[in-house]
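Single-structure report; data block below.
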Amino acid sequence: MKIRYIFSLVCFVLMTNPATAANRQFTPELLWAMGRVGSPCASPDGKSAVYTVSYYSVDENKSRTVIKQVATSGDEPKELCKGSSPKYMKGGREIAYIANGKDGKSQIWKMNADGTNQQQISFCDKDVEDFSFSPDETKVIIVHSVASQFANYNSEKKAGMPKSSAMMTEDAMYRHWDEWVETTPHPFVADYDGTKVNGEVDLLEGEPYECPMKPFGGIEQLCWSPDSKQIAYTCRKKTGVDYATSTDSDIYLYDINSKSTRNLCKPADYVAPKCDYSLSLQDQPVNHQDGDFNVGYDTNPKFSPNGKYITWQSMEHDGFESDRNRLCLYDVKTGAKTYITEQFDSNVDDYIWAADNKTLYFIGVWHGTTHVYSTNLKGEVKQITDGQYDYNSLQLCGKSLLCGRQSMQEPTDLYIVSLGKKAEVCQLTDENREIKSQVDWGTVEPRWSKTVDGKDLLSWIVLPPNFDKTKKYPTLLFCEGGPQSPVSQFWSFRWNMMIMAANGYVVVAPNRRGLPGFGSEWNNEISTNYGGHCMDDLLSAIDDAADNLPYVDKDRMGCVGASFGGFSVYYLAGHHNKRFKAFIAHDGIYNLEQQYVETEESWFTNWDLGGAPWNVTAPVAKVTGKQRAAIARSYAASPHRFINEWDTPILCIHGSKDYRIVDSQAMAAFNAAKLHGVPAKLFICPDENHWVLKPQNGIMWQRTFFDWLDRYVK
């Protein structure tokens with residue numbers, strides 16, 4: 001397949017405001033000038049695909065998203081309009097999408113497949129956040145945010161205090177991710193007559209629950225039955241402390257005609273056992289699962305094409321958000337459940353049904369790369385793709401698959417994967433061709449080494465452009481977050497390996513204990529053991545590189561990371577034995593006792609730390625000896641306990657809208673370092689959450705990051 005792709009220079013200049021690559025170096029400005037490909041959708045005949053590209057303007061400090069279309073034969077992509085969430089309709093003759101309506105609200109629009117005849121078809125009172133048309137296209141699911149039944153923060157305004165900013169609540173889940181919970185997403189079903197959407201009905205009318213689930217759930221958490229008569233949806237029907245301490249979501253089946261709902265994960269008479277909210281659910285009686293009970297995360301249902309089966313992604317344990325995601329097969333007629341990816345001891349990250357009703361394709365990570373696999377209804381798993389890549393989306397495209405693919409060297413583009421005896425992969429888009437042609441790129445190599453207990457550890461070694469093996473290079477240890485997200489072939493617009501390499505650094509990025517892709521035992525070992533082998537693995541990886549790679553300068557090494565990687569940085573600052581010359585922690589946990597009562601997801605700290613810190617001294621009748629030992633071990637590893645060992649400059653970065661790990665953690669770490677006489681710098685973004693999403697903040701982040709490293713490591 002030939003690609004005849006001509007980059008739109010006018011759009012490139014106007015929307016992304018790129019800087020020309022000086023000396024062919026990849027810079028933060030070029031990184032933010034890159035178009036970001038997403039939301040791919042293949043036409044029913046597989047001959048074309050629509051997708052979105054988001055462009056960021058650093059000057060305007062905002063983005064815009066456009067819809068493009070490309071023939072799968074490899075022709076030049078065509079920009080159709082400004083909008084998002086494109087989906088083919090009418091056998092591929094029309095495209096539905098989201099764009100601003102005349103009233104400024106996000107609404108559903110449609111256009112011809114060539115981009116002509118653009119028409120608004122929904123006129124909802126609330127913004128349309130996502131949508132999905134029924135197979136017969138007579139109805140549509142629309143996601144709106146509705147007022148939360150527990151949002152009483154501003155109730156004092158009703159008492160004649162209009163200037164009061166006071167907020168109050170008695171609900172335990174009063175904020176989530178980066179927002180105070182004033183609204184809840186609900187799915188609505190509306191009629192569609194071919195020209196206009198009307199007659200919305202709330203599937204969760206009067207219920208305080210959310211669907212899709214916050215903070216990252218989308219329309220993939222709902223699906224239509226092939227006959228358009230039923231909707232399967234994901235929901236965690238819990239509130240308050242129950243919601244904050246449990247991951248137990250279920251798949252529900254809603255009947256359009258009767259408006260009745262039933263739970264596919266539990267029997268109608270199921271009653272969850274009472275639990276102690278201050279202890280991990282793994283030590284309590286709610287952790288029960290057999291053929292009739294699912295008590296972990298159950299998400300993202302899909303009907304088989306013939307409607308005989310429903311599948312969904314399923315985690316086994318309540319309270320464990322990083323449990324292995326398996327593929328559950330539900331027989332609609334008998335209600336029997338089986339798990340059909342047991343041969344794959346890692347996560348099912350996304351999946352689709354094949355047209356034959358017997359095969360499913362899924363993507364999952366193994367040994368640091370994410371690939372496409374197939375499974376049949378018997379659970380026989382086969383790998384389809386290979387190479388040093390991450391596949392991050394997939395859907396049927398005729399007799400092939402339309403996939404998103406990225407690596408540490410390239411952002412996401414779209415590819416066609418054939419499904420013959422030997423899969424062939426052809427690139428369909430090359431969105432950032434113009435930028436990539438200006439830059440000399442670093443390279444990425446896998447390296448296996450041994451852990452302190454003799455196990456095999458995979459690290460990615462990132463080398464600078466024009467690498468010279470006879471030279472010595474400053475080197476960074478990259479500490480992954482999650483804590484259980486893989487160090488695979490990811491492309492990041494913040495923690496970008498090519499930017500680090502372009503600045504002259506070698507990067508060592510280990511798949512330490514506690515990451516998926518190396519079996520469940522490896523993945524789970526981190527729980528209640530933050531100061532254990534996961535930290536040993538990080539030091540083992542950098543020691544192996546320093547001792548065995550002649551180009552690594554052991555006298556010029558730094559240590560960086562975010563989230564759990566930030567915790568790792570704070571912990572290693574007290575345990576590195578002068579290995580490193582500088583540390584950078586972004587959104588890291590400095591004080592685990594503080595984290596337990598600050599985070600909005602209590603299930604996370606309960607599972608990972610074993611429970612509340614006060615349970616270390618709780619009465620014997622309340623906490624078993626095993627529980628007490630695990631909890632004590634967890635809090636004994638808190639970085640704040642080792643401040644007397646800090647002796648190395650540290651940069652503490654945080655977003656003030658991060659409610660997962662609150663910004664007081666960075667402030668406490670910074671203050672402690674300064675009071676202890678350690679050179680330190682505090683970088684706070686008041687308008688950012690756990691990520692850095694605004695262009696100018698992103699540029700400042702990169703500049704501060706490398707200024708700190710260049711000052712102390714180079």
Side-chain angles (χ1 to χ4, degrees), residues 280 282 315-317 319-325 344-347 364-370 446-461 476-490 495 507-546 559-577 579-580 585 588-589 592 595 604-610 629-639 642:
S280 170
Q282 62 187 310
M315 294 187 184
E316 182 178 359
H317 300 98
F320 188 16
E321 71 166 1
S322 298
D323 204 359
R324 182 165 66 96
N325 234 338
F344 186 68
D345 195 13
S346 191
N347 295 322
V365 64
W366 188 254
H367 286 186
T369 55
T370 302
R447 179 173 177 81
W448 291 87
S449 59
K450 289 294 183 180
T451 64
V452 294
D453 54 345
K455 296 183 179 180
D456 294 324
L457 172 65
L458 171 65
S459 299
W460 294 111
I461 308 297
L476 304 178
L477 172 64
F478 171 76
C479 303
E480 179 59 282
Q484 285 148 316
S485 56
V487 183
S488 55
Q489 281 296 306
F490 66 91
W495 292 93
V507 183
V508 178
N511 275 276
R512 50 140 178 91
R513 223 72 56 102
L515 300 186
F518 300 87
S520 295
E521 181 181 352
W522 183 273
N523 182 75
N524 298 344
E525 191 173 326
I526 194 174
S527 299
T528 71
N529 201 17
Y530 277 15
H533 283 323
C534 56
M535 294 297 107
D536 294 333
D537 292 345
L538 293 172
L539 293 177
S540 294
I542 195 65
D543 287 348
D544 167 72
C559 179
V560 302
S563 195
F564 183 83
F567 163 88
S568 303
V569 169
Y570 289 142
Y571 181 87
L572 292 178
H575 295 83
H576 71 113
N577 295 321
R579 286 175 175 87
F580 302 109
I589 305 170
L592 289 173
Q595 173 69 5
F604 177 83
T605 46
N606 269 342
W607 188 279
D608 267 35
L609 303 179
I631 297 168
R633 178 179 62 197
S634 290
Y635 292 102
S638 182
F642 306 99

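Computed from a prediction, not measured in an experiment: that's the story for all the values here. The figures that follow rest on heavy atoms only: side chains count, while hydrogens, waters and symmetry mates do not.
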*Can you name the closest pair of heavy atoms from Val487 and Pro510 and give their distance?*
CG2-O, 3.3 Å

*Atom of Leu515, atom of Phe518 and distance for their closest heavy-atom approach*: O-CD1, 4.1 Å

_Contacts of Asn347 that satisfy side-chain contact (heavy atoms from CB on, under 4.5 Å) - sequence neighbours left out_ = Arg324, Asn325, Asp349, Pro516

*Between CD of Glu480 and OG of Ser563, what distance do you get to the nearest 0.5 Å?*
9.0 Å

*Quick one: does Ser638's side chain have a donor or acceptor within less than 3.5 Å of a partner on Ser634's backbone?*
no

*Using the test side chain to side chain donor-acceptor pair (under 3.5 Å), find all partners of Ser322 that sit at least two apart in sequence or belong to another chain.*
Gln484

*Of all residues at least two apart in sequence or in a different chain, which pass the side chain to side chain donor-acceptor pair (under 3.5 Å) check with Thr528?*
Arg633

_Asp608: partners by salt bridge (charged side-chain N to carboxylate O under 4.0 Å, His left out), with sequence neighbours left out_ = none

*Which pairs with one or both residues in residues 526-542 pass salt bridge (charged side-chain N to carboxylate O under 4.0 Å, His left out), sequence neighbours excluded?*
Arg513-Asp537

*How many angstroms lie between NE2 in His575 and CG in Leu572, if you round to the nearest 0.5 Å?*
8.5 Å

*Verify side chain to side chain contact (heavy atoms under 4.5 Å, CB included) between Leu457 and Trp522, making sure each step is shown before the conclusion.*
CA-CA 10 Å; Leu457 172 65; Trp522 183 273; 4.0 Å; yes

*Indicate, with yes or no, if the rings of Trp448 and His367 have centres closer together than 6.0 Å.*
yes

*With rounding to the nearest 0.5 Å, note down the distance linking OG in Ser568 to CG in Leu538.*
5.5 Å

*Step by step, work out the salt bridge (Lys or Arg N to Asp or Glu O under 4.0 Å) result for Arg447 and Asp544.*
CA-CA 10 Å; Arg447 179 173 177 81; Asp544 167 72; 2.6 Å; yes

*Is it true that Asp543 and Arg579 make a salt bridge, defined as a side-chain N closer than 4.0 Å to a carboxylate O?*
yes

_Using ring centroids (six-membered ring only for Trp), state whether Tyr571 and Tyr530 fall under 6.0 Å._
no

*Is Ser540 reaching over with its side chain to a backbone N or O of Thr451, donor-acceptor style, under 3.5 angstrom?*
no

*Tell me, with the steps shown, if Gln489 and Thr370 meet side chain to side chain contact (heavy atoms under 4.5 Å, CB included).*
CA-CA 7 Å; Gln489 281 296 306; Thr370 302; over 6 Å; no

*Could you tell me how the ring of Trp366 sits relative to the ring of Phe344: parallel (under 30°), tilted (30 to 60°) or perpendicular (over 60°)?*
tilted

*Would you call Phe567 and Met535 a side-chain contact if the rule is heavy atoms closer than 4.5 Å?*
yes

*Can Phe320 and Ser527 be said to form a side chain to side chain contact (heavy atoms under 4.5 Å, CB included), step by step?*
CA-CA 9 Å; Phe320 188 16; Ser527 299; 4.3 Å; yes

*Side chains of Leu458 and Pro446: closer than 4.5 Å at any heavy-atom pair?*
yes

*Ile589 side, atom CD1; Phe564 side, atom CZ - distance, nearest 0.5 Å*: 8.0 Å

*Test side chain to side chain contact (heavy atoms under 4.5 Å, CB included) applied to Ser459 and Val508, Asn511, Ile542, the passing residue*: Val508

*Closest approach of Glu321 to Met315 (non-hydrogen atoms, all atoms of both residues)*: O-CE, 3.2 Å

*How far does OG of Ser280 sit from NE2 of His317, to the nearest 0.5 angstrom?*
10.0 Å

*Exercise: identify the closest heavy-atom pair between Gly368 and Trp460*: O-CZ2, 3.2 Å

_Working note: Asn529 + Cys534, criterion side chain to side chain contact (heavy atoms under 4.5 Å, CB included); need CA distance, chi angles, decisive distance, verdict._
CA-CA 8 Å; Asn529 201 17; Cys534 56; over 6 Å; no

*Those residues that, when tested against Trp495, pass ring-ring contact (aromatic ring centres under 6.0 Å, His included) (two or more places apart)*: Phe478, Trp701, Phe705

*asked:* Quick check for you: to the nearest 0.5 Å, what is the distance between Asn523 atom CG and Asp345 atom CG?
replied: 8.5 Å

